[in-house]
Amino acid sequence: MASMAQAIRMALHFAEENMGLKDVFGQDVGAPLGGVFTATQGLKTAWNTPLDERGIISMATGIAMTGERCVAEIQFADYIFNTMDLLKIAGNTNWVSNGNYTLPMVVMTPVGAGIRGSVYHSHSFDAWASRLPGWKVVMPSNAREAYGLLLAAIDDPNPVLFLKPKALMRVRGDELIPGEPADQKELKNRIDAPLGDTRHKWRPQWPALEELKIKIGEARVTREGDQLTVVSYGRHLLMCNKVADDLKADGHSVEIIDLRSIYPYDWQAIKKSVSKTRKVLFVNEDTEVTNFAEHLAYRVTQEMFYQLDAAPRVLAGKNLPGIGLHPNLEENSVPQNHDIENACRELIAEMP
Amino acid sequence: MALQNVPVKSKKSAAKAAKKKTPKALPLPKELLIRMHSLMVKARVLEERLIKIYKNGDAYFWIGSPGEEAFGVPLGLLADKGQGPQHDYLHLHYRGTPTLTAMGMPMIDSIRLIMNKATDTSTGGRNFCNHYCFPQWNVVPVSSPIEVQYGTAMGTAHVQRRTKGSRGISIVTGGDAGTAEGDFASAMIWASRPGRELPMLMTVQNNQWGISTDYKSQHGETNIVDRAKAFHIRTQIVNGNDPIESYLILSQEMEYIRKTRKPVMIEARVSRLYGHSSATGANLIPEEDCLLDFEKLLLKNGVLEEKTAKKVWTDYADEAREAQDQARTEAAPQGDTVWENVYANGENADWRKF
Ligand SMILES: Cc1ncc(C[n+]2csc(CCOP(=O)(O)OP(=O)(O)O)c2C)c(N)n1
């Protein structure tokens, strides 16, 4: 099975072959490295930019102004913050021009903790991103989802932010991407560049990939249950799945929703599930104060108050200036399995 | 625009052409001089009308271009207008009226914009005066944040660079104070990467002011374009109060970019005749006036007659007043349209309806 990095690479390859994608760019995105997580290795349209995040977002916006599709990368979300006003502009260009200029651009960037990235390689961006009207924001939780969401993002006429959970970049999925060779070794031999200096000459042997588009704005249920709804995305979705499986052994039934799209979000999926379970927990790792999940919890409270058996809850990163490097610090800063499990148990036990 | 493609390729050939048709001192064809004068008047009259509209209370804000006509009009005349990467892209700042006037913008478009009418095709009543957008001419939306247009111009130039047979260039304008922003440095860096140079015309309209901050107090460099030299970007300094010099240098440099696909930076020294914007009063400030000087020159050289010159002013004044009267009768945008065009193709962006 492909890793998420391989899946992203394959999606970009599919798009350059079939969707008119002509530019994939960012710091160290082109040969020889193909991106710090190798997600752009071997692509014929990938190129290296100056070390200039504002330049990267500006370039993407300008390319999109011509109507061409592009995928730009910010090497780590920790370094996207000096582009905030440019992201705002990309998000408001269609609106402020009253429909004259739509911007079909994708910006992808690795987010989140979980790889001992310390203060400046652990930032989340989903809560920030939810405050960029005009953008669509997606975050996959496995390789196949990454493939399908990225193709949908490239296809979309609006700016789309594709958040890559960096802790999942090397994690393999359990479902094949359409066209992916079943043998993991074969895939590696075909599309992973060799280490060392020979990389310059290396060419990938792409498998015959097929289209898979996951509609932006649609969530999916990854575990069915009737005692509690847990809504998450990215790497925390996998943690939530595990907690649901563990709790099942104790006779508990937890429904897990992979939101996938942060904006626009699938309210109908949340509503349907919470109508059944009457309890909801939102889990993500961005900082907890004015967290995107607070909006969702607010909405559940407003629209479903009399159907609830417990107050909606948000489990998110602590409101700290950074993620400390030592595991003791990191693990006490962003939600871990046991935090999710405790919150689930408490909510299941809660009686009105 | 009949004169848009007047074949003036260099100072030399322009001078040759001029010998035949106009007095020695003026190295451009007579019709072009008359046309430039007319467009400069049109832009000035329009801006003065915008100021009146603001002062009448029919607009919330004015910002614009009086004092920049001698540079802006030639720029608009020389731009290759059309849609797509075969033509020029314009990434303007909020002093683009002369350029757009020269490209053929009807006065009423500018007036609808300042009066935030639903009929304003640039923004639908959403944005400030002089924040133009004309997709049919590759005029991308003017955005208020200073200097961001230097960055987006890199993107359109990148596409033009790789578009087969394109002679299109990306034109970006801005002020002097704004060059302190990182995006100005980004443009020089990205436009001059060896082997990947971008067909960009970067202009700086140096009026010696950033709102109330004077040039001398903030610039250690002698000229702004000196900074481009470090990147081996070709540079020019022009007297932006002289439309003839501006035209000649712009046509030569734009031709250079079209041919070589390499960037040029031009610093134009201009005046700021009504201050920064309505925020600083929008009152006439005595500075060198490029339009009055040009008119005098044309009168002196017999290119224009007093009577015709006057008529140019009064005709445009009438046109501007009529455009205002017309715009006044037009509808304002409805409040419930705010959700329109957040996303493309009418897709809903209101979370209440998800
Ligand atoms: C990023 C940003 N900072 C501040 C402002 C407020 N502002 C508007 S115009 C201006 C001065 C610009 O001066 P200059 O670049 O010289 O252009 P000029 O207005 O003189 O033509 C400032 C500070 C802004 N619009 N954008």
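Quick caveat: nothing in here was measured; it's all calculated off a predicted structure. For the numbers below, each heavy atom of this structure counts, side chains included, while hydrogens, waters and symmetry mates do not. Reminder, nothing fancy here: chain letters follow the sequence lines and each chain counts from 1.
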message: Once you measure the plane-to-plane angle for Phe128(B) and Phe61(B), does it fall in the parallel (<30°), tilted (30-60°) or perpendicular (>60°) bin?
response: tilted

message: At a heavy-atom distance under 4.5 Å, which candidate from Gln268(A), Arg54(A), Glu303(A), Lys88(A) has the highest pair count against chain B?
response: Arg54(A)

query: Are the charged groups of Glu253(B) and Arg234(B) less than 4.0 angstrom apart, N to O?
result: yes

field: Contacting moiety of Pro135(B), where chain A heavy atoms sit under 4.5 Å
entry: both

query: For chain B, which of Thr61(A), Leu86(A), Thr49(A), Val96(A) has the most heavy-atom pairs under 4.5 Å?
result: Val96(A)

- prompt: So which part of Glu347(B) gets closer than 4.5 Å to some heavy atom of chain A, the side chain, the backbone, both or neither?
  reply: side chain

field: Heavy atoms of other groups near Glu221(B) CD, more than 12 under 6.0 Å
entry: yes

- prompt: Who among Met65(A), His295(A), Lys22(A), Met59(A) has the most heavy-atom pairs with chain B under 4.5 Å?
  reply: Met59(A)

- line: Greatest number of non-hydrogen atom pairs under 4.5 angstrom with chain B, of Asp85(A), Ile89(A), Thr93(A), Asn82(A), falls to Ile89(A)

- prompt: Can any side-chain N or O of Tyr101(A) pair as donor or acceptor with the backbone N or O of Gly67(A) at less than 3.5 Å?
  reply: no

field: Part of Ile270(A) lying under 4.5 Å from any heavy atom of chain B
entry: neither

query: Any Lys/Arg nitrogen of Asp155(A) or Lys213(A) sitting under 4.0 Å from an Asp/Glu carboxylate oxygen of the other?
result: yes

- prompt: What option among Gln160(B), Met154(B), His158(B) has the most heavy-atom pairs under 4.5 Å with chain A?
  reply: His158(B)

task: Heavy atoms only, distances under 4.5 angstrom: which of Tyr150(B), Trp339(B), Tyr89(B) has the most pairs with chain A? Name it, please.
output: Tyr89(B)

task: Could you tell me which of Asn345(B), Asp183(B), Asn127(B), Ile189(B) has the largest number of non-hydrogen atom pairs under 4.5 Å with chain A?
output: Asp183(B)

- prompt: Checking Thr121(B) against chain A: side chain, backbone, both or neither under 4.5 Å from a heavy atom?
  reply: backbone

query: In terms of heavy-atom proximity below 4.5 Å to chain B, should Thr102(A) be classed as side chain, backbone, both, or neither?
result: side chain

field: Plane angle bin for Tyr79(A) and Tyr120(A) - parallel if under 30°, tilted between 30 and 60°, otherwise perpendicular
entry: parallel

field: Worked verdict on Gln27(A) versus Glu73(A) for side chain to side chain contact (heavy atoms under 4.5 Å, CB included)
entry: CA-CA 7 Å; Gln27(A) 294 156 11; Glu73(A) 179 173 84; over 6 Å; no

- request: Check whether Asn158(A) gets within reach of chain B through its side chain, its backbone, both or neither, counting any heavy atom under 4.5 Å.
  value: side chain

Top contributor to chain B contacts, counting heavy-atom pairs under 4.5 Å, from Asp23(A), Asp266(A), Ile57(A): Asp23(A)

- prompt: Considering only heavy atoms, which portion of His91(B) lies under 4.5 Å from any heavy atom of chain A: side chain, backbone, both, or neither?
  reply: side chain

query: Would you say the ring centroid of Phe81(A) lies under 6.0 angstrom from that of Phe125(A)?
result: yes

Flag for His131(B)-Ser144(B): side-chain donor and acceptor within less than 3.5 Å: yes

query: Measuring heavy-atom distances to chain A, does Thr123(B) have an atom under 4.5 Å in its side chain, in its backbone, in both, or in neither?
result: both

- prompt: What part of Val140(B) is in contact with chain A, defined as an atom under 4.5 angstrom from a non-hydrogen atom: side chain, backbone, both or neither?
  reply: both

- prompt: Got a salt bridge between Asp258(A) and Arg260(A), using NZ or NE/NH1/NH2 to carboxylate O under 4.0 Å?
  reply: no

- prompt: For Tyr263(A), is the NZ or CZ atom of Lys136(A) found under 6.0 angstrom from the centre of its six-membered ring and inside 45 degrees of the ring axis?
  reply: no

